[in-house]
Student: 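Have a look at this one before I ask anything.
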Amino acid sequence: MANWDLLDDDNPSSGTTPPSATAGSAWTSLDEDAAVPSKSSSVWDSLHEPQGFPLPPSDLVASQLRDGEVLWANVVGTDVLLGSGQPLHVPTGVPDGLSGWRRVRIVDATTLTAEVIALPVTRPFQDIGDEPATLFAPLPHQPPPHRPPGFPAGEGGDLTAAFEARVARAKDDYERRIADSVAQAERCVRDAEDRSIRARDMARREGEQIRRDAEQRIQQFSSRVRAESDARVAEAYEAAKAQYKRAQSVSAELAQSRNDLDRAIAEARDLTTRLQSALNDRQRMLTAATIGWLVVMVMFALLIFGS
């Protein structure tokens, strides 16, 4: 069995004799000398043949389409078929008459009306597609290149001297490259030292500047803190002084209130004493009046009973 026969869809799995070129292999159709077309049911041919399934209903197909939608359809002559085999109504026909899978635009989805989109055709620029002889003129005839003749046998330059001169030049070039490399390395070292010195100087200057800035900020902060402290001490002193004056005023008011209270207490005691004396006088007067009234009653009774 040939290796190429394994690619045939109809090739049996057993080791039988491979089919001939007229048996219908998918690969034999590529042979330009095959005069008999294939009659077998190849998988590749079955993609272009109806599979025997019924077409879907037109209303179902119409429900899946939208007006203005662009999709692919198979154009066969004047017939335009969707992938499901459902035919489309194309009133304008195929504009360029080309068959195959073409892009179509749905005009009315309810009636399955569509139009085939024409293939874009562009006119090539001038001088494109012409013959190369027209675009490019032939080169003029040129004589063969001149080549110096070779050394005859036993003649020519001294190869030993040429070799020694070449070795000397190579040695000089090597030494010169070494000297250049050494000089370059020395320059790099000097440049590195100079950069290091400049970096140290710059770092020292930056450090001094930072130190001066820090000292200035510390002095400003100290001055601000001192001023704020003095202001706060002055405010606290004034507040304490005001509190002391207010305390003295309150103390004086309390002393005056105490004196007024003592005077009021003394007056109340005096009034209580006078009231007590008045009560005693009233009691004595009531007692005397009672005794007088009793004396009058006794005298009146004696007068009545004595008569």
Student: Between Thr287 (side chain only) and Gln283 (backbone N and O only), is there a donor and an acceptor less than 3.5 Å apart?
Tutor: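 The answer is yes, because a donor-acceptor pair under 3.5 Å joins these two groups.
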
Student: For Ala266, does its backbone N or O pair with a side-chain atom of Asp270 as donor and acceptor, under 3.5 Å?
Tutor: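 Here the side-chain-to-backbone pair does not exist.
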
Student: Which pairs count as salt bridge (charged side-chain N to carboxylate O under 4.0 Å, His left out) when at least one residue sits in residues 234-246, sequence neighbours excluded?
Tutor: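 Not a single pair qualifies under salt bridge (charged side-chain N to carboxylate O under 4.0 Å, His left out).
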
Student: State, to 0.1 Å, how close Pro91 and Ala114 come at their nearest heavy-atom pair, and which atoms those are.
Tutor: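 Residues Pro91 and Ala114, closest heavy atoms: CD-O, 3.7 Å.
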
Student: To the nearest 0.5 Å, tell me how far Thr113 OG1 sits from His89 NE2.
Tutor: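 Taking OG1 in Thr113 and NE2 in His89, the distance rounds to 5.0 Å.
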
Student: Which value, rounded to the nearest 0.5 Å, describes the distance between Leu65 atom CG and Thr110 atom OG1?
Tutor: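 Answer rounded to 0.5 Å: 10.0 Å.
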
Student: For Leu88 and Ala73, work out which heavy atoms get closest and say how close.
Tutor: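 It is CD1-CB, 4.5 Å.
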
Student: Ignoring hydrogens and angles, state whether a donor on the side chain of Asp108 or Thr111 is under 3.5 Å from an acceptor on the partner side chain.
Tutor: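 Indeed, the side chains of Asp108 and Thr111 share at least one donor-acceptor pair under 3.5 Å.
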
Student: With Gln209, which of Arg212, Arg211, Glu206 fulfils side chain to side chain donor-acceptor pair (under 3.5 Å)?
Tutor: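 It is Arg212, the one option of Arg212, Arg211, Glu206 that forms the side chain to side chain donor-acceptor pair (under 3.5 Å) with Gln209.
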
Student: Work out which heavy atom in Gln86 is nearest to a heavy atom in Ser58; give both atom names and the distance.
Tutor: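 Heavy atoms of Gln86 and Ser58 come nearest at NE2-CB, 3.8 Å.
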
Student: Quick check: is Val61 connected to Leu71 through a chain of hydrophobic side chains (ILVMFWY, heavy atoms under 4.5 Å apart)?
Tutor: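 As far as the 4.5 Å side-chain criterion goes, Val61 and Leu71 are connected within one cluster.
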
Student: Would you indicate whether the side-chain heavy atoms of Val107 and Asp67 approach each other to under 4.5 Å?
Tutor: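 Not in contact.
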
Student: Which pair of heavy atoms, one from Gly77 and one from Ser99, lies closest together, and at what distance?
Tutor: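 Distance-wise, the nearest heavy atoms are N-OG, 3.3 Å.
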
Student: Please report the shortest heavy-atom distance between Arg103 and Val70, naming the atom on each side.
Tutor: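 That would be NH2-CG1, 3.5 Å.
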
Student: Quick test of your reading of the model: are Asp96 and Arg102 salt-bridged, counting only N-O distances below 4.0 Å?
Tutor: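 The answer is yes: the pair qualifies as a salt bridge.
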
Student: Salt bridge or not for Arg198 and Asp201, using N-O below 4.0 Å?
Tutor: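 No, Arg198 and Asp201 are not salt-bridged.
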
Student: Atom CE in Met285, atom CG in Asn280: separation rounded to 0.5 Å?
Tutor: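 Result: 13.0 Å between the selected atoms.
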
Student: Is Val80 reachable from Trp72 through a run of I, L, V, M, F, W or Y residues, each pair having side-chain heavy atoms under 4.5 Å apart?
Tutor: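 No.
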
Student: Carefully, step by step, assess Ile265 and Leu261 under the rule side-chain contact (heavy atoms from CB on, under 4.5 Å).
Tutor: CA-CA 6 Å; Ile265 291 173; Leu261 182 61; 3.9 Å; yes

Student: Measuring from Leu82:CG to Asn74:CG, what's the distance to the nearest 0.5 Å?
Tutor: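 Taking CG in Leu82 and CG in Asn74, the distance rounds to 10.0 Å.
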
Student: Which distance, rounded to the nearest 0.5 Å, do you find between the CD of Glu193 and the SG of Cys188?
Tutor: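 SG of Cys188 is found 11.5 Å from CD of Glu193.
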
Student: Hey, is Asp172 close enough to Arg169 for a salt bridge, meaning N to O under 4.0 Å?
Tutor: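 Answer for the salt bridge query: no.
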
Student: Please find the pair of heavy atoms, one from Glu69 and one from Gln64, that lie closest to each other, and give the distance.
Tutor: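 Heavy atoms of Glu69 and Gln64 come nearest at OE1-O, 4.1 Å.
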
Student: In the structure I gave you, are the side-chain heavy atoms of Asp79 and Pro87 within less than 4.5 Å of one another anywhere?
Tutor: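 No, too far: nothing below the 4.5 Å cut-off.
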
Student: If you round to the nearest 0.5 Å, how far is OH of Tyr174 from OG of Ser181?
Tutor: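 Those atoms lie 9.0 Å apart.
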
Student: I'd like to know if the side chain of Ser222 and the backbone of Ile218 have a donor-acceptor N/O pair within less than 3.5 Å.
Tutor: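 Here the side-chain-to-backbone pair exists.
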
Student: Would you call Arg177 and Asp180 a salt bridge, using N to O less than 4.0 angstrom?
Tutor: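 No, Arg177 and Asp180 are not salt-bridged.
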
